[in-house]
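Working notes for the structure below.
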Amino acid sequence: QKEVEQDPGPLSVPEGAIVSLNCTYSNSAFQYFMWYRQYSRKGPELLMYTYSSGNKEDGRFTAQVDKSSKYISLFIRDSQPSDSATYLCAMSQWAGNKLTFGGGTRVLVKP
Amino acid sequence: EADIYQTPRYLVIGTGKKITLECSQTMGHDKMYWYQQDPGMELHLIHYSYGVNSTEKGDLSSESTVSRIRTEHFPLTLESARPSHTSQYLCASSPQNYQTNYGYTFGSGTRLTVV
(Lines give C-alpha, C1' and ligand atoms only; values in the text may rest on other atoms or scores of the structure.)
Protein backbone atom coordinates (compact mmCIF):
# COMPACT_ATOMS: atom_id res chain seq x y z
CA GLN A 1 0.00 0.00 0.00
CA LYS A 2 1.25 3.46 -0.90
CA GLU A 3 1.99 5.92 1.85
CA VAL A 4 -0.14 8.59 0.14
CA GLU A 5 -3.21 7.65 -1.90
CA GLN A 6 -4.87 9.91 -4.44
CA ASP A 7 -7.62 9.06 -6.94
CA PRO A 8 -6.11 9.48 -10.43
CA GLY A 9 -9.40 10.69 -11.98
CA PRO A 10 -10.05 12.19 -14.42
CA LEU A 11 -12.47 14.43 -12.57
CA SER A 12 -14.63 16.29 -15.07
CA VAL A 13 -16.70 19.30 -13.94
CA PRO A 14 -18.56 22.13 -15.71
CA GLU A 15 -17.14 25.63 -15.56
CA GLY A 16 -18.16 27.41 -12.34
CA ALA A 17 -18.54 24.22 -10.29
CA ILE A 18 -16.63 23.44 -7.13
CA VAL A 19 -13.76 21.01 -7.60
CA SER A 20 -13.14 18.74 -4.62
CA LEU A 21 -9.85 16.85 -4.39
CA ASN A 22 -8.48 14.72 -1.59
CA CYS A 23 -5.64 12.52 -0.41
CA THR A 24 -5.42 9.95 2.32
CA TYR A 25 -2.21 8.96 4.01
CA SER A 26 -0.99 6.31 6.39
CA ASN A 27 1.89 8.00 8.23
CA SER A 28 0.40 9.80 11.22
CA ALA A 29 3.68 11.68 11.70
CA PHE A 30 3.16 13.86 8.61
CA GLN A 31 2.89 17.51 9.64
CA TYR A 32 3.48 19.56 6.48
CA PHE A 33 0.94 19.34 3.66
CA MET A 34 1.06 20.85 0.20
CA TRP A 35 -0.88 20.92 -3.03
CA TYR A 36 0.83 21.27 -6.38
CA ARG A 37 -0.72 21.99 -9.78
CA GLN A 38 0.90 20.53 -12.88
CA TYR A 39 -0.08 21.52 -16.39
CA SER A 40 0.66 19.11 -19.22
CA ARG A 41 4.36 18.94 -20.12
CA LYS A 42 5.28 21.35 -17.31
CA GLY A 43 6.78 21.00 -13.84
CA PRO A 44 4.53 21.09 -10.74
CA GLU A 45 3.98 24.47 -9.09
CA LEU A 46 3.14 24.96 -5.43
CA LEU A 47 -0.48 26.05 -4.87
CA MET A 48 -1.14 25.71 -1.16
CA TYR A 49 0.86 24.95 1.95
CA THR A 50 -0.48 24.07 5.41
CA TYR A 51 1.08 23.00 8.65
CA SER A 52 -0.69 20.53 10.94
CA SER A 53 -4.50 20.53 11.02
CA GLY A 54 -6.96 23.20 9.97
CA ASN A 55 -8.07 25.19 6.97
CA LYS A 56 -6.29 27.66 4.75
CA GLU A 57 -7.86 29.84 2.09
CA ASP A 58 -6.20 31.65 -0.79
CA GLY A 59 -8.52 33.22 -3.33
CA ARG A 60 -10.59 30.47 -4.95
CA PHE A 61 -8.55 27.73 -3.25
CA THR A 62 -9.18 26.19 0.18
CA ALA A 63 -6.98 23.52 1.71
CA GLN A 64 -8.15 21.42 4.65
CA VAL A 65 -6.20 19.01 6.83
CA ASP A 66 -7.82 16.47 9.14
CA LYS A 67 -4.96 14.72 10.89
CA SER A 68 -7.30 12.58 13.01
CA SER A 69 -8.65 11.00 9.81
CA LYS A 70 -5.34 11.26 7.90
CA TYR A 71 -7.18 13.05 5.13
CA ILE A 72 -6.45 16.27 3.28
CA SER A 73 -8.61 18.15 0.80
CA LEU A 74 -8.33 20.90 -1.77
CA PHE A 75 -11.41 22.81 -2.95
CA ILE A 76 -11.45 25.05 -6.02
CA ARG A 77 -14.42 27.43 -6.17
CA ASP A 78 -15.80 28.93 -9.37
CA SER A 79 -13.65 26.59 -11.45
CA GLN A 80 -12.31 27.82 -14.78
CA PRO A 81 -11.09 25.93 -17.87
CA SER A 82 -7.61 27.20 -16.93
CA ASP A 83 -7.85 25.08 -13.76
CA SER A 84 -7.67 21.96 -15.95
CA ALA A 85 -4.49 20.28 -14.79
CA THR A 86 -3.19 17.48 -12.60
CA TYR A 87 -3.22 18.23 -8.87
CA LEU A 88 -0.71 16.48 -6.63
CA CYS A 89 -0.72 16.38 -2.87
CA ALA A 90 2.59 16.19 -1.01
CA MET A 91 3.52 15.90 2.62
CA SER A 92 6.45 15.51 4.96
CA GLN A 93 7.17 14.59 8.53
CA TRP A 94 9.73 17.17 9.55
CA ALA A 95 10.99 20.55 8.45
CA GLY A 96 13.55 20.01 5.73
CA ASN A 97 12.41 16.43 5.15
CA LYS A 98 11.86 14.94 1.69
CA LEU A 99 8.32 15.22 0.37
CA THR A 100 6.12 12.18 -0.26
CA PHE A 101 3.85 12.78 -3.25
CA GLY A 102 0.47 11.37 -4.15
CA GLY A 103 -0.01 10.05 -7.67
CA GLY A 104 -2.03 13.10 -8.78
CA THR A 105 -5.64 13.69 -9.83
CA ARG A 106 -6.34 14.90 -13.35
CA VAL A 107 -9.03 17.60 -13.44
CA LEU A 108 -10.94 18.72 -16.55
CA VAL A 109 -13.07 21.88 -16.34
CA LYS A 110 -15.38 22.04 -19.33
CA PRO A 111 -16.58 25.43 -20.66
CA GLU B 1 14.49 36.55 -10.78
CA ALA B 2 15.19 33.43 -8.74
CA ASP B 3 14.27 30.29 -10.61
CA ILE B 4 15.27 26.78 -11.62
CA TYR B 5 16.25 26.06 -15.20
CA GLN B 6 16.37 22.81 -17.11
CA THR B 7 17.94 22.30 -20.52
CA PRO B 8 17.19 21.04 -23.02
CA ARG B 9 13.37 21.15 -22.87
CA TYR B 10 13.09 18.40 -25.47
CA LEU B 11 15.70 15.87 -26.59
CA VAL B 12 15.44 13.09 -29.17
CA ILE B 13 18.52 10.93 -29.25
CA GLY B 14 19.65 7.58 -30.61
CA THR B 15 20.22 4.43 -28.57
CA GLY B 16 23.67 4.15 -27.05
CA LYS B 17 24.40 7.88 -26.94
CA LYS B 18 25.65 9.58 -23.80
CA ILE B 19 23.47 12.44 -22.61
CA THR B 20 23.56 15.03 -19.84
CA LEU B 21 20.46 16.82 -18.64
CA GLU B 22 21.25 20.19 -17.10
CA CYS B 23 19.61 21.71 -14.03
CA SER B 24 20.58 25.03 -12.46
CA GLN B 25 18.96 27.12 -9.77
CA THR B 26 19.60 30.71 -8.74
CA MET B 27 17.95 30.56 -5.32
CA GLY B 28 20.95 29.30 -3.35
CA HIS B 29 19.03 26.18 -2.33
CA ASP B 30 21.13 23.46 -0.70
CA LYS B 31 18.83 20.60 -1.61
CA MET B 32 18.19 19.42 -5.16
CA TYR B 33 16.23 16.51 -6.60
CA TRP B 34 15.68 14.62 -9.84
CA TYR B 35 12.31 13.02 -10.56
CA GLN B 36 11.23 10.81 -13.43
CA GLN B 37 7.62 11.06 -14.62
CA ASP B 38 5.95 9.18 -17.45
CA PRO B 39 2.93 10.89 -19.09
CA GLY B 40 -0.08 10.84 -16.77
CA MET B 41 1.86 8.95 -14.15
CA GLU B 42 3.22 9.75 -10.73
CA LEU B 43 6.55 11.30 -9.81
CA HIS B 44 9.42 8.95 -8.96
CA LEU B 45 12.47 10.26 -7.08
CA ILE B 46 15.65 8.97 -8.74
CA HIS B 47 18.40 11.15 -7.18
CA TYR B 48 18.80 13.84 -4.57
CA SER B 49 21.52 15.98 -3.05
CA TYR B 50 21.66 17.85 0.23
CA GLY B 51 24.69 19.93 -0.71
CA VAL B 52 27.96 20.08 -2.61
CA ASN B 53 29.61 16.67 -3.01
CA SER B 54 26.53 14.98 -1.54
CA THR B 55 24.41 12.71 -3.76
CA GLU B 56 22.03 9.88 -2.94
CA LYS B 57 19.90 7.47 -4.93
CA GLY B 58 16.16 7.90 -4.69
CA ASP B 59 13.28 5.48 -4.36
CA LEU B 60 13.27 4.41 -8.01
CA SER B 61 16.33 2.61 -9.30
CA SER B 62 17.88 4.45 -12.22
CA GLU B 63 20.85 3.84 -14.50
CA SER B 64 21.56 7.55 -14.51
CA THR B 65 24.20 9.27 -12.39
CA VAL B 66 24.38 12.77 -10.91
CA SER B 67 27.01 15.12 -9.59
CA ARG B 68 26.95 18.18 -7.35
CA ILE B 69 30.17 20.14 -7.70
CA ARG B 70 28.51 23.55 -7.33
CA THR B 71 25.51 24.48 -5.21
CA GLU B 72 23.57 25.84 -8.14
CA HIS B 73 24.21 23.00 -10.59
CA PHE B 74 22.89 19.38 -10.49
CA PRO B 75 23.36 17.62 -13.85
CA LEU B 76 22.05 14.13 -14.62
CA THR B 77 23.96 11.83 -16.99
CA LEU B 78 23.01 8.72 -18.89
CA GLU B 79 26.13 6.96 -20.21
CA SER B 80 24.26 4.89 -22.79
CA ALA B 81 20.67 5.89 -23.55
CA ARG B 82 18.07 3.21 -24.20
CA PRO B 83 14.41 3.43 -25.31
CA SER B 84 13.39 2.47 -21.74
CA HIS B 85 14.86 5.81 -20.60
CA THR B 86 12.22 7.68 -22.57
CA SER B 87 10.42 9.82 -20.02
CA GLN B 88 10.09 13.32 -18.58
CA TYR B 89 12.82 14.29 -16.11
CA LEU B 90 12.02 16.99 -13.56
CA CYS B 91 14.54 18.81 -11.41
CA ALA B 92 13.55 20.48 -8.14
CA SER B 93 15.21 22.33 -5.30
CA SER B 94 14.42 23.36 -1.74
CA PRO B 95 16.18 25.38 0.96
CA GLN B 96 17.85 23.89 4.00
CA ASN B 97 15.33 24.93 6.64
CA TYR B 98 15.09 23.44 10.09
CA GLN B 99 12.05 25.48 11.11
CA THR B 100 9.51 24.58 8.45
CA ASN B 101 8.98 22.94 5.09
CA TYR B 102 7.92 25.14 2.21
CA GLY B 103 8.13 22.39 -0.37
CA TYR B 104 10.03 22.27 -3.63
CA THR B 105 10.46 24.55 -6.61
CA PHE B 106 10.35 22.55 -9.84
CA GLY B 107 11.88 23.23 -13.22
CA SER B 108 9.86 22.86 -16.43
CA GLY B 109 11.35 19.45 -17.16
CA THR B 110 13.24 17.75 -19.98
CA ARG B 111 11.24 15.44 -22.19
CA LEU B 112 13.65 12.73 -23.37
CA THR B 113 12.90 10.39 -26.25
CA VAL B 114 15.38 7.64 -27.07
CA VAL B 115 14.90 6.09 -30.51
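None of these values were measured; they are calculated from a predicted model. Chain A is the first sequence line, chain B the second, and so forth, proteins listed ahead of strands; every chain is numbered from 1.
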How close do [X] and [Y] get, heavy atom to heavy atom, and via which atoms?
X	Y	answer
L43(B)	P44(A)	CD1-CG, 4.4 Å
R41(A)	R9(B)	O-NH2, 3.4 Å
K98(A)	Y50(B)	CG-OH, 3.1 Å
Q38(A)	L90(B)	NE2-CD1, 3.9 Å

Same apolar cluster: [X] and [Y], side chain cutoff 4.5 Å:
X	Y	value
L108(A)	L47(A)	no
L21(A)	Y25(A)	yes
F101(A)	M48(A)	no
W35(A)	F33(A)	yes
Y35(B)	M34(A)	yes

Heavy-atom cut-off 4.5 Å, strictly under: side chain, backbone, both or neither for [X] against chain B?
X	value
Y36(A)	side chain
Y51(A)	neither
E45(A)	neither

Practice prompt. Would you mind telling me which of Q6(A), K2(A), Q31(A) has the largest number of heavy-atom pairs within less than 4.5 Å of chain B?
Written response: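 Ranked by contacts with chain B, first place is K2(A).
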
Fill in: Heavy-atom side-chain contact between E42(B) and V4(A) under 4.5 Å
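Side-chain contact under 4.5 Å: no.
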
Is the number of heavy atoms from other residues, nucleotides or ligands under 6.0 Å of [X] [atom1] greater than 12?
X	atom1	value
K42(A)	NZ	no
I18(A)	CD1	no
R106(A)	CZ	no

Fill in: Structural part of Q37(B) lying under 4.5 Å from a heavy atom of chain A
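Just the side chain, heavy atoms under 4.5 Å.
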
Fill in: Donor-acceptor under 3.5 Å (Y104(B) side chain, L99(A) main chain)
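Pair found, side chain donor or acceptor close to backbone of L99(A).
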
